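Below, chains carry the letters A, B, ... as their sequence lines are ordered, and counting in each starts from 1. Predicted model only: the values in this text are computed from it and were never measured. Values below: every heavy atom of this structure, side chains too, minus hydrogens, waters and symmetry copies.
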There are 2 protein chains.
Amino acid sequence: MPPKPGRAALQERYDRRQAEVVLGAARVFARRGYDQTSVPQLAEELGIAAGGLYHYFGGKEQLLIAICDQLMDPLLTEAQALLAEGGTAEEQLRALVRSWVAHVVEHRDHMLVFQQERHVIDHGRQWAQVRERRKRFERLVEGLLRRIADDGAARLPDARLTLSALLGMVNHTAQWYRPRGRLDVAAIADGYVDLVVG
Amino acid sequence: MPPKPGRAALQERYDRRQAEVVLGAARVFARRGYDQTSVPQLAEELGIAAGGLYHYFGGKEQLLIAICDQLMDPLLTEAQALLAEGGTAEEQLRALVRSWVAHVVEHRDHMLVFQQERHVIDHGRQWAQVRERRKRFERLVEGLLRRIADDGAARLPDARLTLSALLGMVNHTAQWYRPRGRLDVAAIADGYVDLVVG
DNA sequence: TCGAAGTTCGAACGATCGTTCAACGACCGT
DNA sequence: ACGGTCGTTGAACGATCGTTCGAACTTCGA
């Protein structure tokens with residue numbers, strides 16, 4: 001269904017439209033729920049015909065996978081870049097959490113869908129790549145927390161428990177953050193880090 | 001559909017069976033997802049015929065509401081009882097979080113469904129009571145955190161942000177806790193409280 | 001400007017959904 | 001022990017689901 005390989009201009013247009021559809025689908029799914037949104041309903045909100053979706057996606061579930069990829073790929077890429085920059089473990093953690101919170105807030109709809117459909121992500125065969133990306137990101141954070149604990153500077157009760165707590169609070173941000181709220185992204189992220197490292 | 005009023009013995013049997021169905025449905029929904037589980041599938045796993053469910057519930061969504069009630073009612077009741085017992089704010093917080101984590105772990109399936117179906121809970125008209133119970137519980141925790149902040153003992157960066165963080169980490173526990181894990185419920189709860197109050 | 005390739009449409013498909021209901025065995029109160 | 005209610009069954013319903021596909025429209029390359 002995508003254009004034949006070799007035609008760069010067409011490929012780019014195809015990819016841009018596809019990403020646009022994914023973005024819109026994330027917004028609709030976050031509000032109405034993935035399963036409770038029928039393909040005709042989704043198509044109507046996106047302003048295209050129902051059948052037209054299948055030009056860009058093999059099926060409804062592949063669209064869901066694309067939403068999760070659009071969420072996880074840049075997050076993991078940015079996290080790896082930050083860790084390569086050097087600095088103390090605590091400095092790196094602070095930078096990582098800032099980037100992470102910014103990402104959660106920016107991709108709030110994606111996050112809500114991602115959390116909502118955890119049962120699909122955890123079980124399906126074709127979800128292995130999404131699961132692995134999530135795992136890799138969590139390991140990055142865990143490594144950082146272990147370095148901080150080993151430095152002895154902070155009094156983390158338990159690195160694994162702290163990791164779970166941090167995952168919980170940051171990801172939960174998607175459920176209450178509002179664009180014109182009292183706290184900006186940096187204040188939220190720093191507040192989280194202060195809780196964790198004291 | 002329930003037995004006629006006045007027959008206490010029948011009413012009790014009916015209520016017990018109903019609660020049993022809710023419990024089983026929570027387990028199935030947590031694994032397969034609410035929407036992705038058809039009524040015939042659910043009925044088969046519960047060991048009854050599809051039509052039989054409608055003896056206890058007006059429809060599939062009322063069953064979902066019952067799951068959330070079975071989760072929130074005892075949690076709120078116990079929280080209110082703990083707050084009535086007296087003690088310093090920090091002591092009360094520690095007791096409340098212990099009870100809360102125990103509840104999340106005990107009703108892990110309910111929690112997973114509750115979080116999974118957030119979009120339904122937030123929007124539907126008949127979900128107002130569930131929303132209000134959730135709100136009331138959150139206000140209880142918020143009041144406790146404000147008392148701690150006012151006492152000046154701990155260095156909470158922001159009571160509202162701390163509340164969101166605590167909600168996130170405790171509720172997230174349902175997604176990683178395993179019965180024979182390294183940490184027991186009390187250790188988890190105390191770890192969370194230590195992060196929050198320092 | 002012309003043929004080809006890419007994109008969109010919308011009617012139609014079989015499958016499956018949530019729900020209803022008449023009927024039957026089990027158990028209650030008397 | 002008997003009449004009535006309760007609990008359960010499973011077949012059947014209309015509605016709606018995700019998906020397909022051939023035709024119409026648009027854009028690209030030359």
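At dT8(C), none of the side-chain N or O atoms of H55(A) fall inside 4.0 Å of OP1 or OP2 (strictly under the cut-off). At least one side-chain nitrogen or oxygen of R17(B) sits closer than 4.0 Å to the OP1 or OP2 atom of dT8(D). For the OP1/OP2 pair of dT16(C) and a distance below 4.0 Å, the side-chain nitrogens and oxygens of S38(B) include no atom meeting the criterion.
Across the protein-nucleic acid pair, E61(B) atom CD and dC17(C) atom C1' stand 15 Å apart, rounded to whole Å. Between Q11(A) atom CD and dT27(D) atom C1' the separation is 16 Å, expressed in whole Å. Distance CD1 (I48(A)) to P (dC25(D)): 19 Å, rounded to an integer number of Å. Atom-to-atom, CD of Q41(A) to C1' of dG18(D) comes out at 13 Å; the value is rounded to the nearest Å. Between Q36(B) atom CD and dC17(D) atom P the separation is 15 Å, expressed in whole Å. Nucleotide dG18(C) holds its C1' atom 14 Å from the CG atom of L64(B), rounded to whole Å. If you take CD of E12(A) and P of dA5(C), they are 22 Å apart, rounded to a whole angstrom. Atom pair L53(A):CG and dG10(C):P shows a separation of 14 Å (rounding to whole Å applied).
For the residue pair H103(B)/E78(B), the side-chain donor-acceptor check at 3.5 Å is not satisfied. A donor atom on one side chain and an acceptor atom on the other are not found under 3.5 Å apart for Q115(B) and R118(A).
In this structure, L112(B) is not a member of the same hydrophobic cluster as V21(B), with clusters built from ILVMFWY side-chain heavy atoms closer than 4.5 Å.
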Q: Determine, stepwise, if the pair W127(A) / D122(A) fulfils side-chain contact (heavy atoms from CB on, under 4.5 Å).
A: CA-CA 7 Å; W127(A) 286 91; D122(A) 285 345; over 6 Å; no
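Ranking dT7(C), dT9(D), dG18(C) by closeness to the Y14(A) side chain, first place goes to dT7(C). When distances run from any side-chain atom of A49(B) to the nucleotides dT20(C), dT9(D), dC9(C), the shortest one goes to dT9(D). Minimum atom distance to the side chain of Y54(B) is reached by dT19(C), of the listed dG18(D), dT9(D), dT19(C). For R13(B), the side-chain atoms get nearest to dC6(D) when compared with the rest of dT9(D), dC6(D), dG18(D).
Across all strands shown, Y56(A) has heavy atoms under 4.0 Å from sugar-phosphate atoms exclusively, and none from any base.
Taking the side chain as every heavy atom from C-beta outward, N171(A) and Q175(B) never approach each other to under 4.5 Å.
For the pair A50(B) and G52(A), both in contact range of DNA chain D, the more 5′-proximal nearest nucleotide belongs to A50(B). Nearer to the 5' terminus of DNA chain D, by closest-nucleotide assignment, is the contact made by G47(B) (compared with the other of G47(B) and T37(A)).
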